[in-house]
Amino acid sequence: MIEGFARDSAKAFGTDAAVAVEGYKLLLSQLTPELGKYPEALSALGDCIQTTSKLMGGDGVAAAHVLITGGENTKPQICGEY
């Protein structure tokens, strides 16, 4: 599932699918594997990583970490509050 999301995301954002896969893996491991049960949410979070990655010079792994941790915040902040 994440491979497909990563390919689609890489095409849409003009990035590397392998880096996108790493972002999805971080989401699932750092937040909760339960995200895998909600493909729409997982895909949306992947898009947030891609958008942030563009702002960070293409560093998808760093973008995932920023979105998961909220930068220096200890409370997870993913694309705003839910």
Side-chain angles (χ1 to χ4, degrees):
M1 170 175 55
I2 64 173
E3 291 86 2
F5 288 155
R7 275 191 303 275
D8 293 343
S9 178
K11 284 182 195 174
F13 288 90
T15 58
D16 183 358
V19 174
V21 167
E22 289 305 312
Y24 283 109
K25 286 181 181 179
L26 282 170
L27 285 173
L28 293 170
S29 68
Q30 300 274 327
L31 295 178
T32 176
E34 295 293 311
L35 277 174
K37 295 181 181 178
Y38 306 95
E40 288 181 24
L42 187 59
S43 178
L45 292 171
D47 287 349
C48 289
I49 289 172
Q50 290 286 0
T51 300
T52 304
S53 171
K54 287 286 194 176
L55 298 170
M56 298 179 72
D59 191 341
V61 173
H65 282 291
V66 166
L67 291 172
I68 290 167
T69 64
E72 294 184 25
N73 259 341
T74 56
K75 178 182 172 191
Q77 307 258 336
I78 302 175
C79 293
E81 293 291 326
Y82 285 59

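We use all heavy atoms of the structure for the numbers below, so side chains are in, but hydrogens, waters and symmetry mates are not.
Annotation: side chain of L27 is not in contact with side chain of L67 (no heavy-atom distance under 4.5 Å). The shortest side-chain heavy-atom distance between V19 and T15 does not fall under the 4.5 Å cut-off. Using a 4.5 Å cut-off on side-chain heavy atoms (C-beta onward), S53 and F13 make no contact. No side-chain heavy atom of I49 sits less than 4.5 Å from a side-chain heavy atom of L26.
Atom CG of L42 is separated from atom CG of L31 by 10.0 Å, given to the nearest 0.5 angstrom. In this structure, OG1 in T52 is found 12.5 Å from NZ in K54, a value given to the nearest 0.5 Å.
Here the shortest heavy-atom pairing between Q50 and S9 reads CG-OG, 2.8 Å. The shortest heavy-atom contact between Y24 and D47 is OH-N, 4.4 Å. Of all non-hydrogen atoms in A17 and A6, the two that sit nearest each other are O-CB, 3.6 Å.
S29 places a side-chain N or O within donor-acceptor distance of the main-chain N or O of K25, the cut-off being under 3.5 Å.
Cluster annotation: L45 is connected to V61 through the hydrophobic network of ILVMFWY side chains, with a link wherever side-chain heavy atoms come within less than 4.5 Å. Residues V21 and M1 are members of one and the same hydrophobic cluster, defined by side-chain heavy-atom contacts under 4.5 angstrom among Ile, Leu, Val, Met, Phe, Trp and Tyr.
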